[in-house]
Number of protein chains: 2
Amino acid sequence: MLTNERHEYILGLLDQKQTIKIQEIVDDTGASESTIRRDLTELENRQLLVRVFGGAVLPGRNLSEPSISDKSTRNLEEKIKLAKYAASFVQEGDSVFLDAGTTTFQMIPFLKDKDVVVVTNGLTLVDALNEHGITTYLTGGLMKSRTGAMVGSQTIQALMNYRFDLCFLGVNGFHPDYGYTTPDPEEAAVKRLASTYARKTFVLADHTKANQVSFAKIMDLDGADLIVNEIDRHMMEQLEKKTTVKVEKQ
Amino acid sequence: MLTNERHEYILGLLDQKQTIKIQEIVDDTGASESTIRRDLTELENRQLLVRVFGGAVLPGRNLSEPSISDKSTRNLEEKIKLAKYAASFVQEGDSVFLDAGTTTFQMIPFLKDKDVVVVTNGLTLVDALNEHGITTYLTGGLMKSRTGAMVGSQTIQALMNYRFDLCFLGVNGFHPDYGYTTPDPEEAAVKRLASTYARKTFVLADHTKANQVSFAKIMDLDGADLIVNEIDRHMMEQLEKKTTVKVEKQ
DNA sequence: CCAAAATCAATCATAATCATTCATAAGCAG
DNA sequence: CTGCTTATGAATGATTATGATTGATTTTGG
């Protein structure tokens with residue numbers, strides 16, 4: 001069976017069934033597992049399907065889960081600890097910028113008794129902030145449906161009206177040479193600007209972000225203190241040359 | 001059965017039945033109890049359900065959906081008809097301001113194929129706009145937890161950046177002499193300003209709002225066309241002296 | 001209030017799936 | 001035929017999902 005034929009076959013099957021298992025395709029086509037895997041990776045790169053553990057699903061939010069690409073709920077325990085630690089830097093009455101993101105989201109419960117004012121561009125944080133009775137300002141701007149973040153010129157303009165005691169950012173990667181990075185340039189711009197209006201900025205990152213580099217640079221390491229929870233000695237030494245590292249200990 | 005399939009299955013079942021027992025899912029899917037538990041914790045982390053002892057229930061919607069308790073569901077049928085009628089005034093490619101509120105919320109499904117750009121100060125509308133793939137700008141501002149509206153100086157400032165083809169507002173009362181009114185002065189200010197930047201403004205009001213007067217005045221009747229669905233002759237005559245009235249007929 | 005039953009979180013070993021590597025085979029141009 | 005590229009299949013060690021077990025917690029029914 002030709003490569004193209006297999007691809008057609010896979011897509012056809014997927015269209016019918018919404019979900020396919022790798023083993024199914026192997027049985028049907030007679031090709032080896034390795035080959036089918038290669039097919040799936042290729043088709044995923046062309047955005048014709050989304051791979052999941054054990055098979056693939058049609059693209060589009062239905063069956064494909066945000067967490068797969070995003071890993072948003074992956075290290076949730078870790079993120080909660082990180083968030084709690086981060087929240088401990090917040091003083092009574094502070095004005096705080098909270099970035100859109102899952103780690104900053106976890107900070108919210110720990111802020112409720114601190115009488116803070118929160119400014120955020122993250123729509124996913126809204127309900128939780130509301131539930132905990134925290135005074136909240138939204139930046140406004142264009143709504144990015146994928147991330148639930150608000151971005152764009154209006155977000156920028158809104159930020160200029162505020163000054164923060166503290167600014168908490170999530171990132172997709174931190175690296176001694178390439179600094180803090182994230183996939184979306186517009187979101188990077190918002191993060192960057194928010195931090196310039198803050199007396200002090202913290203970046204929250206779990207261990208999976210170490211040495212990762214994403215497309216859009218937010219700023220160099222020295223632009224913000226880094227809050228992490230586990231990190232090897234060698235990495236630590238390198239980072240501490242560039243910035244202050246706060247380690248959350250179990 | 002793939003993990004994603006199970007997740008979809010669980011959410012689907014939950015959507016149908018509002019409540020599910022773990023044992024049910026175990027029986028239906030053939031997966032072990034441990035696995036189902038893991039699924040539930042994961043889905044709970046993503047806020048797609050809430051775990052309870054013995055199973056799971058649908059998440060209690062906060063700002064994402066109009067609260068079921070208050071009057072919003074009372075005249076829901078009426079509001080949907082009203083909303084559909086209102087949406088019929090929207091042209092392909094229009095830029096539209098949607099006020100925070102339950103009636104404007106109902107307009108969203110009818111806008112999805114019109115390629116519109118929506119600007120709103122209503123956090124309750126966000127999820128629905130997102131789900132229907134509508135390009136959306138949020139005004140930003142102070143979040144009012146009770147109504148899910150954004151208000152204040154920043155909202156005002158944001159509005160000045162936009163011009164609308166159409167502006168749709170909800171109100172708490174309309175009255176021939178006292179005009180359109182609503183309980184909150186800040187929200188009134190936002191409504192008023194949004195309408196001044198629109199080529200045409202509509203107020204949506206069901207029959208319970210007739211002759212009602214609330215604390216904060218938005219504007220006189222002639223500031224906007226009034227969309228209603230049932231109204232007695234006498235009232236109608238009085239209103240038509242002041243403004244254009246569009247009546248949604250069954 | 002107590003005790004039995006049900007449900008739970010935490011842990012572990014196992015099984016399934018994964019990415020990576022390497023060697024082979026097939027196609028093709030010179 | 002030789003040398004090159006590409007597709008394939010098998011093998012590896014790593015990662016992830018799963019199912020069973022444990023003892024703790026919560027609910028239920030007196």
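Proteins come first, then strands; the chains are lettered A, B, ... in the order of their sequence lines, and each starts at number 1. Atom set for the values below is all heavy atoms of this structure, side chains included, hydrogens, waters and symmetry mates excluded. The shown structure was predicted, so the numbers you read here are calculated from the model rather than taken from an experiment.
- Crowding of B:Lys114 atom NZ: a count of heavy atoms from other residues, nucleotides or ligands under 6.0 Å exceeding 12.
- In this structure, A:Phe53 places its CZ atom 6 Å from C1' of D:dA17, rounding to the nearest Å.
- Between B:Gly54 and A:Glu33, the residue whose closest nucleotide on DNA chain C is further toward the 5' end is B:Gly54.
- Nearest to the side chain of A:Thr3, among D:dA20, D:dA7, C:dT7, sits D:dA7.
- Place A:Ser34 and A:Gln23 on DNA chain C by their nearest nucleotides, and A:Gln23 ends up nearer the 5' end.
- Across all strands shown, B:Gly55 has heavy atoms under 4.0 Å from sugar-phosphate atoms exclusively, and none from any base.
- Across the protein-nucleic acid pair, A:Ile36 atom CD1 and D:dA7 atom C1' stand 13 Å apart, rounded to whole Å.
- The CG atom of A:Asp39 sits 7 Å away from the P atom of D:dT8 (whole-angstrom rounding).
- Across the protein-nucleic acid pair, A:Ile25 atom CD1 and D:dT8 atom P stand 14 Å apart, rounded to whole Å.
- When the C1' atom of D:dT6 is taken as reference, atom CZ of A:Arg6 falls 13 Å away, rounded to whole Å.
- The shortest distance between side-chain heavy atoms of B:Leu14 and B:Leu48 does not fall below 4.5 Å.
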Criterion ring pair (Phe, Tyr, Trp, His ring centres under 6.0 Å) on A:Tyr162 and A:Phe97, from CA distance to verdict: CA-CA 9 Å; A:Tyr162 300 114; A:Phe97 179 84; 9.1 Å; no

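- Judged by distance alone, the side chain of A:Asp99 and the main-chain N or O of A:Gly170 form a donor-acceptor pair under 3.5 Å.
- In this structure, B:Lys21 atom NZ and C:dC8 atom P are separated by 12 Å, rounded to whole Å.
- Taking 4.5 Å as the limit, some side-chain heavy atom of B:Thr41 sits within range of a side-chain heavy atom of B:Arg51.
- The phosphate of C:dA19 (OP1 or OP2) has a side-chain N or O of A:Arg51 nearer than 4.0 angstrom.
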When you compare the protein's N or O atoms with those of nucleotides 22-27 of chain C, which come within less than 3.5 Å of each other, and at what distance?
none

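- Here A:Thr35 reaches the OP1 or OP2 of D:dG9: one of its side-chain N or O atoms lies under 4.0 Å away.
- With a 4.5 Å cut-off on side-chain heavy atoms, B:Thr136 and B:Asn130 do not count as touching.
- Two residues are said to be in side-chain contact when any heavy atoms from C-beta on lie closer than 4.5 Å; A:Leu226 and A:Tyr180 meet this criterion.
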Which protein N or O atoms sit under 3.5 Å from an N or O of nucleotides 2-5 of chain C?
none

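- In this structure, A:Lys81 forms no cation-pi arrangement with A:Tyr85, as its terminal cationic atom is not both closer than 6.0 Å to the ring centre and no more than 45° off the ring axis.
- Spacing between atom CD1 of A:Ile22 and atom P of D:dT16 amounts to 15 Å, rounded to whole angstrom units.
- The nearest whole Å value for the distance from the CG atom in B:Asn4 to the P atom in C:dT17 is 14 Å.
- Residues meeting the salt bridge (charged side-chain N to carboxylate O under 4.0 Å, His left out) test with A:Glu240, sequence neighbours left out: none.
- Judged by distance alone, the side chains of A:His207 and A:Asn229 never bring a donor and an acceptor atom under 3.5 Å apart.
- Heavy atoms of A:Val26 sit nowhere under 4.0 angstrom from any nucleic acid atom.
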